[in-house]
> 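This is the structure I have questions about; it appears just below.
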Amino acid sequence: MRLVITGAGGQVGGQLAGSLAALGDVIALDRRQCDFSRPEQLPSVIRELRPDVIVNAAAYTAVDEAEREEALAATVNGTAVGVIAEEARRADALLVHYSTDYVFDGHKGAPYTEADPPCPINAYGRSKLAGEAAIGEVGGRYLVLRTSWVYDARGRNFLRTVLRLLRERNELRIVADQIGAPTWAADIAQATAALIELAAQECTDGEFASGLFHLTASGATSWHGFAVAILEGATRPALLAAGRAPCLVPIASEDYPRPAARPKNSRLAGDRLHQRFGIALPCWKEGLSLCLEEMARRGTA
Ligand SMILES: NC(=O)c1ccc[n+]([C@@H]2O[C@H](COP(=O)([O-])OP(=O)(O)OC[C@H]3O[C@@H](n4cnc5c(N)ncnc54)[C@H](OP(=O)(O)O)[C@@H]3O)[C@@H](O)[C@H]2O)c1
């Protein structure tokens, strides 16, 4: 199998190269080799590689910046994704694509299912929804996986920001009224590898059906709860030893205004994925603890 990863320099993309290696030949493309802001250049890049599987982890993910760069976000997350879907269909390849909890407005009082109507409240969410729609319009063989609150030992994410701020400040004010599932990029990549294997078997058996699935860690917490778990799991012993006991103050979203609105409820139900493929990610606390262990081993926690 020839597997092409786009967005290989990102959190999920970076983990995919290792996770997919056992499935076949992996070609990992970063932004320089495959630039989604220039969709017209994508067909020649993809055609030359003749992929059996394309895993698209490239995305414009700067949620606040997207408010003033909506056209660029729409090109990268919408138009270019449609082009990649066309190329996947042309090559008769399976396309695996990631989307987001931010396609929802967060007003539902329970976890969102794939059947709930999306209603994004920010430019990033609109651009990601456009990507989902483009894939659906093109058709072909695809799996769209919506995930949430992604973090990793590297990259720009909440975990690394909190670890840095805990070293610098005695008090952090963290939003406590947005709820979701922090999801480790390594868990997403591992599940993706398992899904590709299962989908390939379904294709061989003539049973494959394209679809949209929710793929997040199990359980849920707030950003404040996530920060408390980071403090407990990583830094408290070292900080206490240094005579410091930083305080994490829960605040409301309204007390931390940002350019982009965020959904209050980001919980995604994973039942559809579990029923079809038997896959469910571990609890978010487990993923966090393993990621922190890895960071400690590398000396980056
Ligand atoms: N991060 C989250 O909290 C989150 C939540 C829900 C869903 N998701 C989705 O999960 C997927 C993976 O996200 P992630 O967390 O791995 O994001 P990430 O760490 O920000 O990685 C995104 C990658 O896309 C690349 N990229 C940005 N603009 C590009 C362009 N014009 N052309 C080609 N590549 C470009 C980035 O390149 P550079 O490295 O050069 O910047 C980066 O390597 C995305 O579809 C995202 O929408 C993420």
Side-chain angles (χ1 to χ4, degrees), residues 4-17 19 28-42 45-46 54-66 69 71-81 83-85 95-104 106 112 118 120 122-132 134-135 142-162 178 180-189 191-192 212-217 223 226 260 262-263 266-268 270 281 284 287 291:
V4 169
I5 302 167
T6 50
Q11 303 185 88
V12 174
Q15 291 281 355
L16 280 167
S19 301
L29 306 175
D30 64 17
R31 186 204 291 250
R32 280 165 308 160
Q33 296 152 307
C34 191
D35 184 354
F36 278 46
S37 70
R38 298 176 171 275
E40 70 286 357
Q41 295 181 353
L42 297 176
V45 176
I46 300 296
I54 301 173
V55 185
N56 176 35
Y60 182 111
T61 55
V63 175
D64 287 319
E65 284 85 332
E69 288 192 324
L72 176 59
T75 301
V76 173
N77 293 344
T79 314
V81 170
V83 173
I84 292 288
L95 171 64
V96 181
H97 172 78
Y98 303 100
S99 191
T100 172
D101 50 312
Y102 282 15
V103 297
F104 294 114
Y112 283 94
N122 59 41
Y124 167 73
R126 286 190 289 276
S127 71
K128 293 295 292 183
L129 185 57
E132 290 184 7
I135 292 172
Y142 64 82
L143 298 173
V144 174
L145 308 172
R146 285 187 188 138
T147 189
S148 68
W149 297 20
V150 180
Y151 64 91
D152 194 24
R154 44 187 282 282
R156 268 192 314 170
N157 59 57
F158 183 84
L159 165 62
R160 296 190 66 223
T161 303
V162 166
Q178 294 168 26
T183 305
W184 187 20
D187 284 336
I188 297 172
T192 301
L212 167 69
F213 299 91
H214 290 171
L215 174 73
T216 67
W223 292 112
F226 189 20
R262 264 77 170 169
S266 271
R267 288 173 296 156
L268 303 179
L281 296 192
W284 66 270
C291 181

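As the structure is a prediction and not an experimental result, all values here were calculated from the model. Remember, it's 1-based here, ligands and their atoms both numbered in the order they're listed. FYI, side chains are in, hydrogens and waters are out, and symmetry mates aren't considered; it's all heavy atoms of this structure.
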> Do the ring centers of Trp149 and Trp223 come within less than 6.0 Å of each other?
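Yes - the distance between ring centres of Trp149 and Trp223 falls below the 6.0 Å cut-off.
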> N/O of Val12 under 3.5 Å from N/O of ligand 1, yes or no?
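Yes; at least one N/O pair falls below 3.5 Å.
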> Taking distance alone, with no angle check, do Ser148 and ligand 1 share an N/O pair under 3.5 Å?
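In this structure, Ser148 places no N or O atom under 3.5 Å from an N or O of ligand 1.
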> Report yes if Ala58 has an N/O atom closer than 3.5 Å to an N/O atom of ligand 1; otherwise report no.
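Looking only at distances, the answer is no, because the N/O contact criterion of under 3.5 Å is not met.
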> Geometry only, no angles: is Asp101 polar-contacting ligand 1 at N/O separations under 3.5 Å?
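No, Asp101 has no N/O under 3.5 Å of an N/O on ligand 1.
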> Could you identify the single nearest non-hydrogen protein atom to atom 10 (O) of ligand 1 and state the distance to 0.1 Å?
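Sorting protein heavy atoms by distance from atom 10 (O) of ligand 1 puts Tyr98 CB, 3.7 Å first.
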> Please name the residue in the list Lys128, Arg146, Glu132 that meets the side-chain hydrogen bond (donor to acceptor under 3.5 Å, both in side chains) test with Ser99.
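With Ser99 as partner, Lys128, Arg146, Glu132 yield a single side-chain hydrogen bond (donor to acceptor under 3.5 Å, both in side chains), made by Glu132.
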> Using heavy atoms and a threshold below 4.0 Å, how should the contact between Ser99 and ligand 1 be classified: side chain, backbone, both, or neither?
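Backbone only.
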> Please confirm whether Gln11 comes within less than 3.5 Å of ligand 1 when only nitrogen or oxygen atoms on both sides are compared.
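In this structure, Gln11 places an N or O atom under 3.5 Å from an N or O of ligand 1.
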> Do any N/O atoms on Gly13 end up under 3.5 angstrom from N/O atoms on ligand 1?
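No, Gly13 has no N/O under 3.5 Å of an N/O on ligand 1.
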> Check the side chains of Ser148 and Asp101 for a donor-acceptor pair under 3.5 angstrom, ignoring hydrogens and angles.
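Per modelled atom types, Asp101 and Ser148 side chains form no pair under 3.5 Å.
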> Identify the protein heavy atom lying closest to atom 33 (C) of ligand 1, giving its residue, its atom name and the separation to 0.1 Å.
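Nearest protein contact, heavy atoms only, for atom 33 (C) of ligand 1 is Cys34 O, 3.2 Å.
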> Looking only at N/O atoms, are Val150 and ligand 1 under 3.5 Å apart anywhere?
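Yes; the residue has a nitrogen or oxygen that sits under 3.5 Å from a nitrogen or oxygen of the ligand.
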> What residue and heavy atom of the protein are closest to atom 36 (C) of ligand 1, and at what distance?
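Among all protein heavy atoms, the one nearest atom 36 (C) of ligand 1 is Arg31 NH2, 4.2 Å.
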> I'd like to know whether ligand 1 has Phe158 as a neighbour, heavy-atom separation below 4.0 Å.
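The answer is no: ligand 1 sits nowhere under 4.0 Å from a heavy atom of Phe158.
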> For ligand 1 and Thr100, I'd like to know whether there is a polar contact (N/O to N/O, distance under 3.5 Å).
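No.
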> Heavy-atom contact under 4.0 Å between Gly155 and ligand 1?
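No, Gly155 has no heavy atom closer than 4.0 Å to ligand 1.
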> Short N/O distance, under 3.5 Å, between Tyr60 and ligand 1?
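Such a contact does not occur with ligand 1.
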> Atom 27 (C) of ligand 1: which protein heavy atom is closest, and how many Å away?
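Minimum-distance protein heavy atom for atom 27 (C) of ligand 1 reads Ala59 O, 3.1 Å.
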> Taking N or O atoms only and a 3.5 Å limit, does Thr61 qualify as a polar contact for ligand 1?
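N/O-N/O distance below 3.5 Å exists for this pair.
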> Please find out if less than 6.0 Å separates the ring center of Tyr151 from that of Phe226.
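Yes, they do, as the ring centres are separated by less than 6.0 Å.
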> To which protein heavy atom is atom 23 (C) of ligand 1 closest, and what is the distance rounded to 0.1 Å?
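Among all protein heavy atoms, the one nearest atom 23 (C) of ligand 1 is Ala57 O, 3.8 Å.
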> Heavy atoms only, cut-off 4.0 Å: how does Lys128 contact ligand 1, side chain, backbone, both, or neither?
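Only the side chain of Lys128 comes within reach of ligand 1.
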> For atom 31 (N) of ligand 1, what's the nearest protein heavy-atom neighbour? Residue, atom name and distance, please.
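Protein heavy atom with the smallest distance to atom 31 (N) of ligand 1: Asp35 OD1, 3.1 Å.
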